[in-house]
There are 2 protein chains.
Amino acid sequence: MTYAIAQAAEHSGLSIDTLRYYERIGLVDPPARDAAGRRLYTDGDLAWLEFLTKLRTTGMPIRLMREYAQLRRKGEATAGRRKQILLEHRADVRRRIAELKACLEVLDFKIDNYAAIEAGLTGKTHVQEVSA
Amino acid sequence: MTYAIAQAAEHSGLSIDTLRYYERIGLVDPPARDAAGRRLYTDGDLAWLEFLTKLRTTGMPIRLMREYAQLRRKGEATAGRRKQILLEHRADVRRRIAELKACLEVLDFKIDNYAAIEAGLTGKTHVQEVSA
DNA sequence: GTAGGAGCTGGAGCGCACTCCAGGTCAAGT
DNA sequence: ACTTGACCTGGAGTGCGCTCCAGCTCCTAC
């Protein structure tokens, strides 16, 4: 089973332009072409794109994704380094989740404070002070 | 108590250039100046900067922070709209945390798979297929 | 046989959020 | 008096990750 670029775009959630861009910069291997020179993506390509979008969603910079992609191309001997990249990235993601959660608490606090203002406690100085 | 720009930078974790930039684009009110024209930040300014960095950390785009800052300047009448902005932003942050957690599971899976390869199961086709 | 639509290429352009720079002022220390 | 260093301004430059465009080739449907 193969897929035209529009289908690959739809499946991956990336734009057609982005797919070609990823190819240009070496994030994805150049796919096969049909007789007319049009790209034919395989299921394997789609799986790789799906994984790439996970990395992107979690904020991995493109140059690191590229390093990973290059290692992958070189085969199994690079598995150790690839694992290491993922381990570091996972730690990074965990840190960022923790950071976001901490910020959420501040948001909750602010929102509660606005609710307090709405509840007619506006006159209370400490509420105003905090209302930012 | 007032603070020179270098102190405000250190306290907020933003660079001096970024502080001036935030002022230019209307994210922070122009602070008072000393006789020589140097900025003097107040505790209130630092608190606002601290909150801004939370918004930034959670990915709020600058133009929305700016809208919030402008509303804040207009006083209490805008509290409703400000609360609404924060509510929407909180929902957004929660969505992104959930998304990150989902991606973490994929990372865990990949990492486990590399561990399996290391454990010498390399010959097993399904391990290789999945190793990406 | 022709109109429409998907895809192709190389390259330019964009929005965001800073970051850096030149050239200047000012105040304090030695 | 002079050096040092923090700070000032306006404006240009940067890196990232796309996104858009002109001008082209194909295939398909009518």
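So that the names make sense, note that chain A is the first sequence line, chain B the second, and so on, each numbered from 1. What you see is a predicted model, and the numbers here were worked out from it, not measured in a lab.
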Undergrad: Report the nucleotide, chosen from dG7(C), dA17(C), dA27(C), that has the shortest atom-to-atom distance to any side-chain atom of I16(A).
TA: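 Of all the options, the side chain of I16(A) is nearest to dG7(C).
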Undergrad: Salt-bridge test for R33(B) and E23(B): reply yes if a basic N is under 4.0 Å from a carboxylate O, no otherwise.
TA: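 Looking at R33(B) and E23(B), the cut-off is met.
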Undergrad: Starting from the 5' end of DNA chain C, give me the residue, R20(A) or L14(B), whose nearest nucleotide shows up first.
TA: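 That would be R20(A).
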Undergrad: Would you indicate which nucleotide in dG11(C), dA17(C), dC16(C) comes nearest to any side-chain atom of R63(B)?
TA: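 Of the options given, the side chain of R63(B) lies nearest dC16(C).
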Undergrad: Is the phosphate of dT19(C) approached by T18(B) (side-chain N or O, under 4.0 Å from OP1 or OP2)?
TA: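 Yes, T18(B) has a side-chain N/O under 4.0 Å of OP1/OP2 on dT19(C).
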Undergrad: Select one nucleotide: of dG11(D), dC26(D), dG7(C), the one nearest the side-chain heavy atoms of A36(A).
TA: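 Out of dG11(D), dC26(D), dG7(C), the nucleotide with an atom closest to A36(A)'s side chain is dC26(D).
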Undergrad: Looking only at heavy atoms, which two atoms of L71(B) and R81(B) are closest? And how far apart?
TA: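 Minimum heavy-atom separation between L71(B) and R81(B): CD1-CG, 3.4 Å.
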Undergrad: Is there a donor in the side chain of D45(A) and an acceptor in the side chain of Y3(A), or the other way round, less than 3.5 Å apart?
TA: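 Side chains of D45(A) and Y3(A): no pair found under 3.5 Å.
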Undergrad: Looking at the side chain of D17(A), which of dC20(D), dT19(C), dC26(D) is the nearest nucleotide?
TA: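 Looking only at heavy atoms from C-beta outward on D17(A), the closest nucleotide is dC20(D).
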Undergrad: Begin with the C-alpha distance, continue with both residues' side-chain angles, and end with the deciding distance and a verdict on side chain to side chain contact (heavy atoms under 4.5 Å, CB included) for I117(A) and E76(B).
TA: CA-CA 9 Å; I117(A) 290 174; E76(B) 241 185 73; 4.2 Å; yes
Undergrad: Nearest to the I5(A) side chain among dC18(D), dC8(C), dA27(C), which nucleotide is it?
TA: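 It is dC8(C).
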Undergrad: Taking OH from Y21(B) and P from dT9(D), how many angstroms apart are they, rounded to a whole number?
TA: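 That distance rounds to 17 Å.
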Undergrad: From C-beta outward on R39(B), which listed nucleotide comes closest to its side chain: dT9(D), dG7(C), dC18(D)?
TA: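 So the nucleotide nearest the side chain must be dT9(D).
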Undergrad: Just how far, in rounded Å, is P of dA17(C) from CG of L52(B)?
TA: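 From L52(B) CG to dA17(C) P: 12 Å.
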Undergrad: Indicate whether the side chain of R82(B) and that of Y114(A) have a donor and an acceptor atom separated by less than 3.5 Å.
TA: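 Per modelled atom types, R82(B) and Y114(A) side chains form a pair under 3.5 Å.
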Undergrad: If each of R24(A) and L40(A) is mapped to the nucleotide of DNA chain C with the nearest heavy atom, which maps nearer the 5' terminus, i.e. the 5' end?
TA: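 Mapping each residue to its closest nucleotide by heavy atoms, the 5'-most match is L40(A).
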Undergrad: Select base, sugar-phosphate, or nothing to describe what A4(B) touches, counting heavy atoms under 4.0 Å on all strands.
TA: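 Sugar-phosphate contact only.
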Undergrad: What pair of heavy atoms forms the shortest contact from W48(A) to A69(A), and how long is it?
TA: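 Heavy-atom minimum between the residues: CZ2-CB, 3.7 Å.
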Undergrad: Whole-Å distance between dC18(C) P and E23(B) CD?
TA: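 It works out to 15 Å between those atoms.
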Undergrad: Choose from dG7(C), dG11(C), dG17(D) the nucleotide whose nearest atom is closest to any side-chain atom of A6(A).
TA: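 Closest nucleotide to the A6(A) side chain: dG7(C).
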Undergrad: Calculate the interatomic distance between Q7(B) atom CD and dC7(D) atom C1'; express it in whole Å.
TA: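 To the nearest whole Å, that distance equals 13 Å.
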Undergrad: Within this structure, what is the CZ-to-C1' distance between R66(B) and dC16(C), rounded to whole angstrom?
TA: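 In whole Å, dC16(C) C1' lies 12 Å from R66(B) CZ.
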Undergrad: I need the CE-P distance between M60(B) and dC18(C), as an integer number of Å.
TA: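 It is 14 Å, rounded to the nearest whole Å.
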Undergrad: Is any side-chain N or O of Y22(B) closer than 4.0 Å to OP1 or OP2 of dA17(C)?
TA: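 Looking at the OP1 and OP2 atoms of dA17(C), neither is under 4.0 Å from any side-chain N or O of Y22(B).
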Undergrad: L19(B) has an atom CG; how far is it from atom P of dT9(D), in whole Å?
TA: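 In whole Å, dT9(D) P lies 13 Å from L19(B) CG.
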Undergrad: Between dC26(C), dG7(C), dC18(D), which nucleotide has the shortest distance from any of its atoms to the side chain of R56(A)?
TA: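 Within the option list, the nearest is dC18(D).
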Undergrad: If I take atom CG in residue D34(B) and atom P in nucleotide dA27(C), what distance separates them, rounded to the nearest angstrom?
TA: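 Computing the D34(B):CG to dA27(C):P distance gives 8 Å.
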Undergrad: Respond yes when some side-chain nitrogen or oxygen of R38(B) is under 4.0 Å from OP1 or OP2 of dA28(C), and no when none is.
TA: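 So the side-chain polar atoms of R38(B) never come under 4.0 Å of the phosphate oxygens OP1 or OP2 of dA28(C).
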